[in-house]
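Could you have a look at this structure, given as C-alpha cells, before my questions?
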Amino acid sequence: MELAVAMLLILLNLASWCVLSEGRLLVDMTLVSDASSIGAFCLDGSLPAYHLHRGFGAGASNWLLQFEGGGWCNDIQSCLDRAKTKHGSSLYMNKLEDFNGILSNDASLNPDFYNWNRVKLRYCDGGSFSGDAKFDNGTSVLYFRGQKIWEAIILDLLPKGLGNADKALLSGCSAGGLSSFLQCENFYRALPTNTSVKCLSDAGFFLDECNFLKSVFHCVCCVYILNCSLQGIEKNLDKNCTSFLDNPKLCMFPQYFLNYMATPFFILNTAYDVYQFHHALVPPSADMNGDWKRCKLSIASCTPQQLDILQGFRGDMLAALSSFLKDSTSGGMFINSCFAHCQSETQETWFALGSPSIQDKTIAGAVGDWYFSRNISKLIDCAYPCDASCHNIIAQVS
C-alpha cells in the first residue's frame with residue numbers, strides 16, 4: 001500500500017511538472033569551445049556560453065541577441081564570491097534557459113521577433129561584457145574578460161548564420177542593457193554592411209548620479225568607476241567620449257557616449273527604475289535607520305517627501321535623455337512610469353493583456369514600430385501615479 005501511495009505521489013508530481021512546463025520554451029546551453037584561443041573566460045576560468053533557438057520561415061535569416069543581466073562585482077572579494085555562482089561560472093549555469101517575452105517563439109506573444117534566430121548570451125564576467133584584465137595573486141585567479149567573451153560568442157555565431165543576417169537586433173536587460181549600449185557599434189562593425197543592424201537597451205540607462213542622500217561608497221556610479229579600474233574596461237570605451245571627458249571612466253554611463261553612437265538605438269526604461277532606486281538613489285548604506293524600508297516595499301507607502309525625491313530622479317533621467325529625444329532621427333524610446341526593472345524578458349510586461357502601455361502602445365508594439373520603421377516611437381509617460389497600466393510590484397527587488 002505504501003509503495004502504491006508513493007508511486008501515485010510521484011505520478012502526481014510529474015503531472016504537475018508537465019502542466020507547469022506546458023507552453024514554456026526551454027533552450028539548451030552551448031559552450032563556446034574555441035573561446036580559450038582568444039583568452040575568453042568566465043571569472044573562474046570556465047568557458048562562456050549562450051543559448052540559441054533557431055528562426056524559421058520569414059525570420060530564418062534574422063537574428064536577435066540578448067545580453068543576460070545580473071549586476072556587477074566591484075572588488076576582488078565580491079568577484080571571488082561571484083565566481084562561485086551562475087553569474088561567474090558556466091559550471092553553475094542552468095543548462096536550459098526559459099525563452100519568453102522578446103525571446104518567445106509564439107507569434108501571439110512576440111509578434112515581430114518570434115521567428116527570428118534568438119540568442120541569450122550568458123553573463124559571467126561581472127562587468128557588462130566590457131573588461132579585459134586578469135587578477136592573479138598566486139592563490140586566486142580571476143578572469144575579467146567580458147570583451148573577449150563578447151568577441152568569442154560573435155565569432156562562434158557568425159558561421160552559424162549571423163554572418164549572413166538580413167536583420168539583426170542587439171538587446172539586453174539591466175547590466176545586459178548596459179552591455180547593449182557598450183557593444184552596439186562593435187556589433188554593427190561585425191556584420192555585413194547590407195545587414196539592418198539596430199540595438200535596444202532595457203533598464204540599462206544607468207545615471208551618473210551618486211544618490212541624493214550623499215552616500216557615495218556603494219552607489220552605482222562608484223561601482224562603475226571601480227569596475228573600470230579593476231576590470232580594465234576604460235580601454236574598451238568609446239574613444240570619442242574618453243578623449244572628451246576629464247574622467248574617461250565616466251564613459252561607462254550611456255548619457256555621456258549616447259550622442260557619439262551612429263547605429264539606431266532604442267531606450268526602454270522606467271523613469272523610476274527599481275534597481276537604481278534601491279541601489280543608487282537610496283542604497284542600504286544611506287538608510288541606516290530604515291526610513292525608506294516601507295517605501296521600497298510598496299510605492300503607495302512612500303511619504304510625500306520621498307515621492308518628491310523619486311520625482312526628482314525622474315526629472316534627472318529625462319534631462320539626460322533630452323538631446324536623444326530631440327536630435328536622434330533613428331532612435332526610439334519607451335520611458336514609462338512603472339516601478340519595475342527589465343520589461344522585455346517578462347511576458348507580462350513585454351506583450352500581454354494588461355501589460356504596461358503608453359498612449360495605448362505596448363512595449364513590444366513600440367519596439368516593433370521602431371525597428372521596422374512603421375511609426376515614430378518616442379514615448380514618455382506622465383509622472384507617477386497617472387499610469388494605470390503599471391503593476392508597480394517592487395518588493396521583489398532587493
inquiry  = Just checking F277 against Y272, ring centres under 6.0 Å apart?
reply    =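 Not close enough - the centres of the two rings lie 6.0 Å or further apart.
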key: Check: W370 and K198 side chains under 4.5 Å, non-hydrogen atoms   =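 With C-beta onward as the side chain, the pair touches.
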request  = Consider only side-chain heavy atoms of I, L, V, M, F, W and Y, link residues closer than 4.5 Å, and tell whether L96 and M93 are in one cluster.
outcome  = no
message = Please say yes or no: joined through hydrophobic side-chain contacts below 4.5 Å, possibly via intermediate residues, are L25 and M29 part of one cluster?
response = no
query = Is the side chain of S243 donor-acceptor paired with the backbone N or O of N240 at a distance under 3.5 Å, no angle test?
reply = yes
request  = May I ask you to check whether S46 and S90 show a side-chain donor-acceptor distance below 3.5 Å?
outcome  = yes
inquiry  = Is any side-chain heavy atom of I335 closer than 4.5 Å to one of I267?
reply    =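 Side chain of I267 against side chain of I335, heavy atoms only: contact under 4.5 Å found.
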message = Show the nearest heavy-atom pair for residues A49 and L31, with the distance to one decimal.
response =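 Looks like CB-CD2, 3.9 Å.
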Candidate list W63, Y371, F56, test ring pair (Phe, Tyr, Trp, His ring centres under 6.0 Å), partner W116, passing option =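 The passing option is Y371.
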query = Taking the six-membered ring for Trp, are F181 and F265 ring centroids under 6.0 Å apart?
reply =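 Ring centres of F265 and F181 closer than 6.0 Å.
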query = L182 versus F257: any side-chain heavy-atom pair under 4.5 Å?
reply =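 A side-chain contact under 4.5 Å exists here.
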inquiry  = Keeping K296 on the side-chain end and V282 on the backbone end, is there a donor-acceptor pair under 3.5 Å?
reply    = yes
message = Using the side-chain hydrogen bond (donor to acceptor under 3.5 Å, both in side chains) criterion, which residues pair with K361? Sequence neighbours excluded.
response = D369
request  = Can you run down the salt bridge (charged side-chain N to carboxylate O under 4.0 Å, His left out) pairs that involve residues 109-119, sequence neighbours left out, and say none if there aren't any?
outcome  = D112-R374
message = Ignoring hydrogens, what is the shortest heavy-atom contact between G163 and P192? Give both atom names and the distance.
response = O-CG, 3.0 Å
Any donor-acceptor pair under 3.5 Å from D202 side chain to S344 backbone =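 Looks like yes, one N/O pair under 3.5 Å.
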inquiry  = Aromatic contact between Y384 and F339, with the criterion being ring centroids under 6.0 Å apart: yes or no?
reply    =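 Between F339 and Y384, which both carry aromatic rings, the centre distance is below 6.0 Å.
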N/O donor-acceptor pair under 3.5 Å between S171 side chain and L200 backbone =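 Judged by distance alone, no pair lies under 3.5 Å.
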query = L178 and S201: which non-hydrogen atoms are nearest, and at how many Å?
reply =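 The answer is N-OG, 4.3 Å.
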query = Between Q255 and A320, which heavy-atom pair has the shortest distance, and what is it?
reply =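 Reported closest heavy-atom pair: CB-CB, 4.1 Å.
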query = Short question: side chain of Y123, backbone of G71 - any donor-acceptor pair under 3.5 Å?
reply = yes
task = Using a cut-off of 6.0 Å, state whether more than 12 heavy atoms not belonging to K293 lie near its atom NZ.
result = no
ask   = Can you tell me if E185 uses its side chain to pair, donor with acceptor, with the backbone of Y260 under 3.5 Å?
value =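 No, E185 side chain to Y260 backbone: no donor-acceptor pair under 3.5 Å.
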key: Minimum heavy-atom distance between R82 and G70, given as atom pair plus value   =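 In this case the closest contact between R82 and G70 is NH2-O, 2.9 Å.
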request  = Give the C-alpha distance, both sets of side-chain angles, the deciding distance and a yes or no for side chain to side chain contact (heavy atoms under 4.5 Å, CB included) between L191 and L158.
outcome  = CA-CA 8 Å; L191 297 182; L158 286 173; 4.0 Å; yes
query = Can you tell if the side chain of Q147 reaches within under 4.5 Å of the side chain of N186, non-hydrogen atoms only?
reply =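 When only atoms from C-beta onward are counted, N186 and Q147 do touch, with a gap below 4.5 Å.
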Residue pair W150 / F67, side-chain heavy-atom distance below 4.5 Å = yes
request  = Run the numbers on H53 and N117 for side chain to side chain contact (heavy atoms under 4.5 Å, CB included), then give the verdict.
outcome  = CA-CA 6 Å; H53 191 258; N117 297 283; over 6 Å; no
request  = Would you check if V32 and P48 make a side-chain contact, meaning some heavy-atom pair closer than 4.5 Å?
outcome  =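 Yes. Closest side-chain heavy atoms under 4.5 Å.
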task = Would you check if there is a donor-acceptor pair between the side chains of Y50 and D156 at a distance under 3.5 Å?
result =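 Yes, Y50 and D156 have a side-chain donor paired with an acceptor closer than 3.5 Å.
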ask   = More than 12 heavy atoms of other residues, nucleotides or ligands under 6.0 Å from CZ of F372: is that the case?
value =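 Enclosed: over 12 neighbouring heavy atoms sit under 6.0 Å from CZ of F372.
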ask   = Side chain of N62, backbone of K167: donor and acceptor closer than 3.5 Å?
value = yes
query = Between the main-chain N or O of G176 and the side-chain N or O of S180, is there a donor-acceptor pair closer than 3.5 Å?
reply = no
key: Distance-only side-chain donor-acceptor flag, W72 / S128, under 3.5 Å   = yes
inquiry  = Tell me every residue that passes side-chain hydrogen bond (donor to acceptor under 3.5 Å, both in side chains) with E348, counting only those two or more places apart in sequence or in another chain.
reply    = none
inquiry  = Distance alone, cut at 3.5 Å: any donor-acceptor contact between the side chains of N94 and R122?
reply    =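 Distance-only check passes for N94 and R122.
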query = Would you say T263 and F187 make side-chain contact, with heavy atoms under 4.5 Å?
reply =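 No - every pair of side-chain heavy atoms lies 4.5 Å or more apart.
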query = Are any side-chain N or O atoms of N137 and backbone N or O atoms of T139, one a donor and one an acceptor, separated by less than 3.5 Å?
reply =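 Yes; judged by distance alone, with no hydrogens or angles, the pair exists.
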query = Is the number of heavy atoms from other residues, nucleotides or ligands under 6.0 Å of R54 CZ greater than 12?
reply = yes
ask   = Which atom pair, heavy atoms only, marks the closest approach of H87 to L43?
value =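 Minimum heavy-atom contact is O-CD1, 4.4 Å.
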D44 CG to S89 OG distance, which is reported to the nearest 0.5 Å =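 Atom-to-atom, D44:CG and S89:OG are 3.5 Å apart.
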request  = Check the side chains of S37 and D34 for a donor-acceptor pair under 3.5 angstrom, ignoring hydrogens and angles.
outcome  = no
query = Which distance, rounded to the nearest 0.5 Å, do you find between the OG of S196 and the OH of Y188?
reply =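 Between atom OG of S196 and atom OH of Y188 there are 10.0 Å.
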inquiry  = Tell me whether the count of non-hydrogen atoms from other residues, nucleotides or ligands lying under 6.0 Å of CG in D136 goes above 12.
reply    = yes
ask   = Are S104 and N110 close enough that a side-chain donor and a side-chain acceptor fall under 3.5 Å?
value =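 Side-chain D/A pair, S104 to N110: absent.
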message = Quick check against the 3.5 Å criterion: does N115 have a side-chain atom that pairs as donor or acceptor with the backbone of G57?
response =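 Judged by distance alone, no pair lies under 3.5 Å.
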Candidate pair C386 and D381, rule side chain to side chain contact (heavy atoms under 4.5 Å, CB included), full reasoning = CA-CA 9 Å; C386 73; D381 209 352; 4.3 Å; yes
task = Just do the side chain to side chain contact (heavy atoms under 4.5 Å, CB included) check on I154 and L65 with the steps written out, would you?
result = CA-CA 10 Å; I154 291 296; L65 276 61; 3.8 Å; yes
Contact check, side chains of W350 and N100, non-hydrogen atoms, under 4.5 Å = no
inquiry  = Within the supplied structure, the quantity of interest is the number of heavy atoms (other residues, nucleotides, ligands) at a distance under 6.0 Å from K378 NZ; does it exceed 12?
reply    = yes
